[in-house]
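Below is one structure, written out as structure tokens; comments come after it.
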Amino acid sequence: MCTFVAVFLQKAKKTKMKHTLFSIIMLTVSVLLPATAAAEVLPLLQNVNAYEQTSLNGEWNYIVDVQEEGYYDYRMNPTPWGFFLNAKPQRPEDLIEYDFDKAPVMQIPSDWNTQDERLFFYEGTVWFKRSFQAVPMQDYRTLLYFGAVNYDCRVWVNGKEAGRHVGGFTPFNFDISDLLVEGENVVIVKVDNKRHKGDVPTQIFDWWNYGGITRDVMLVKTTKVYLEDYSAALRRGEGRKDGKRTIDFSARLNTPEAGHKVTVRIPELKLESTFTTDSEGKVGGTLKVSAKKLTLWSPENPKRYQVLLSLDTATYSDSIGFRTIETRGKQILLNGEPVFLRGISIHEEKPNGGGRANSTDDARTLLTWAKELGCNYVRLAHYPHNEYMVREAERMGIMVWSEIPVYWTIDWTNDDTYANARQQLHDMIARDHNRANIIIWSIANETPHSAERDSFLGRLARYARSQDSTRLISMAMEVTSAANYVNRLQDNMHELVDVVSFNQYVGWYRDVNDAPKMRWEIPYDKPVIISEFGGGAKYGYHGAKNQRWTEEFQENLYRENLAMIDKIEGLAGTSPWILKDFRSPRRVLNGVQDYYNRKGVVSDRGEKKKAFYVLKEWYQTKENKKK
Ligand code: GCB
């Protein structure tokens, strides 16, 4: 230990050190030396809400760090004296140029852009700190769980690194049991949302790059051995009406230990089965139930059953709906019956004004608007939304398309980019694979064709299927050739998806007034979803139907587009762009856009535009047709 400190001091004398070394070494020696007490980044815990939690939401101190002074020294090398130490002067002459306790506070979860007006356009690093009380527990683990942090974050607990996570929309957890001390503990999070070419999403995207700890933060208490993952899903294609149905069940412990008992019970169905883990810590089996007794989840009756899972002596509860989703030719079948997806696209923004949404209330407001439109389906664009949204949609009977931000010009040949995209896909599926309402995993949006892109997306599609074979896979494609009013969809990815989806902007980016003349050629025997169409209007701006930005222009565009897409053979659904006006730095037209994409059928303040009613009426006719 002494040698280490001495060597370090020698070196420090030759370089320009800004701190009073001795007092800081007193503080940090414990941080630098016991490398053994590191935390562990763990696979995601399934159904975190079933566990005892201590919320770390609330006030966090924050420091805006434009040049990452708190992480790099003046030669751009990571500094051991970083802000993560939460250092304090020990003597009057000590120089420490930051103090979290004197820094302002921000409510977490939130995006910093709408919390501090200085940070509206900010993309960079912000440090966050909060303290909490803990009592180390011998027989339990403490996981530190983040619902999402955008984009790149590093976490320290009591000055020791707990781990790093990259990707702005998926949850992650660290085992911090060994980092905790009795009494006051400090967690420090460095969040960096600068955009880079190799990121997912990449440098350009049409939504606000909201930075920060945007979803819930919590401490989660687990037993030493716990159920890391489990799945209960209804098997497709079995005898309906009188026959037996099968629920496939599987589970995995956090450690490869044989001999643990895992019991699954569905009291309402009087089902119970006990399995014993194998040497990989896994179990798998089936539960048989009479088809007559089982009420299937559907938009009309979003039935969920309480499912109780016991591991040894601990029991956890989930509520799970059972349904099947599959395709037959150009049809999508929900529970074996054709279903038309009456959808709308949604960004994860608060219903009134901008800012990241993250609550059941936000979800309920947005989804209630979707219901008023007549929707039975939403496309949650362009990244996995918070769990409140997915769960609330499931409760309200709304089917979901969930996607990862492989958007536009991804760096197709970059291995790190692929690994990042795959991880986001993995974690999206890992969090939500027990949600009955999710019917489609989408792997990309509007990506430019090339062999490299095909290889990247091909690998992703196969990976998605390997993770979940019970749902449909899709991606939002683009129409590749259009001449003489004939639009042709051609995409090599057609073989790898179950549903062919594409975005089209007839009447907005192209061919204004030409929608009635359009013909569509989609040469694949698969269901077709128009994943986007639409145009912008400023709420309250009225005029002729050929006057851009008026509600009348948008209203007319909807009328013409709906008539046009209705003629597409195999049309199985649509999710027009978009429910609500949303913030985007690309939308700079003063007085009209003011940094909002105005394609919402509802304004950023929740006011319904004329197009809302056109879509509603069309969905009504679709529903009536079914009856
Ligand atoms: C698209 C994108 C979406 C944009 C939209 C638009 O095709 O998928 O993210 O916001 O167009 O408004 O241009």
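Counting starts at 1 for both ligands and their atoms, following the listed order.
Every N/O-N/O distance between Trp408 and ligand 1 stays at or above 3.5 Å.
In terms of protein heavy-atom proximity, atom 7 (O) of ligand 1 is nearest to Glu446 OE2, 2.3 Å. Regarding atom 12 (O) of ligand 1, its nearest protein heavy-atom neighbour is Lys599 NZ, 2.6 Å. The nearest heavy-atom contact from the protein to atom 10 (O) of ligand 1 is Asp206 OD2, 2.5 Å.
In this structure, the ring-ring contact (aromatic ring centres under 6.0 Å, His included) partners of Tyr505, at least two apart in sequence or on a different chain, are Tyr509.
Aromatic ring centroids of Trp577 and His347 lie under 6.0 Å apart. Taking the six-membered ring for Trp and the full ring otherwise, Trp112 and Phe120 have centroids separated by 6.0 Å or more. A distance of 6.0 Å or more separates the ring centres of Trp508 and Phe533.
With no hydrogens or angles considered, no side-chain donor-acceptor pair links Arg453 and Asn492 at under 3.5 Å. Side-chain contact annotation: Asp111 with Thr114, donor-acceptor N/O pair under 3.5 Å present. With 3.5 Å as the limit, one finds no donor-acceptor pair spanning the side chains of Asp361 and Ser359.
The residue among Phe205, Tyr509, Phe582, Phe533 with a heavy atom at the shortest distance from atom 13 (O) of ligand 1 is Tyr509. Residue Glu532 holds the heavy atom nearest to atom 2 (C) of ligand 1 of all those in Arg598, Arg587, Glu532. Of the listed residues (Trp508, Phe502, Trp207, Tyr407), the one carrying the non-hydrogen atom nearest atom 9 (O) of ligand 1 is Tyr407.
Taking a cut-off of under 4.0 Å to the non-hydrogen atoms of Asn597, the atoms of ligand 1 that pass are 6 (C), 10 (O), 12 (O). Of all atoms in ligand 1, numbered sequentially from 1 with element shown, those under 4.0 Å from a heavy atom of Asn503 are 7 (O), 8 (O). Using a 4.0 Å cut-off to heavy atoms of His382, the atoms of ligand 1 that qualify are 3 (C), 8 (O), 9 (O).
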Check the pair Arg431, Asn47 against side chain to side chain contact (heavy atoms under 4.5 Å, CB included), reporting the backbone distance first and the verdict last.
CA-CA 7 Å; Arg431 191 191 72 182; Asn47 189 20; over 6 Å; no

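Under 4.0 angstrom from ligand 1, there are no non-hydrogen atoms of Ile578.
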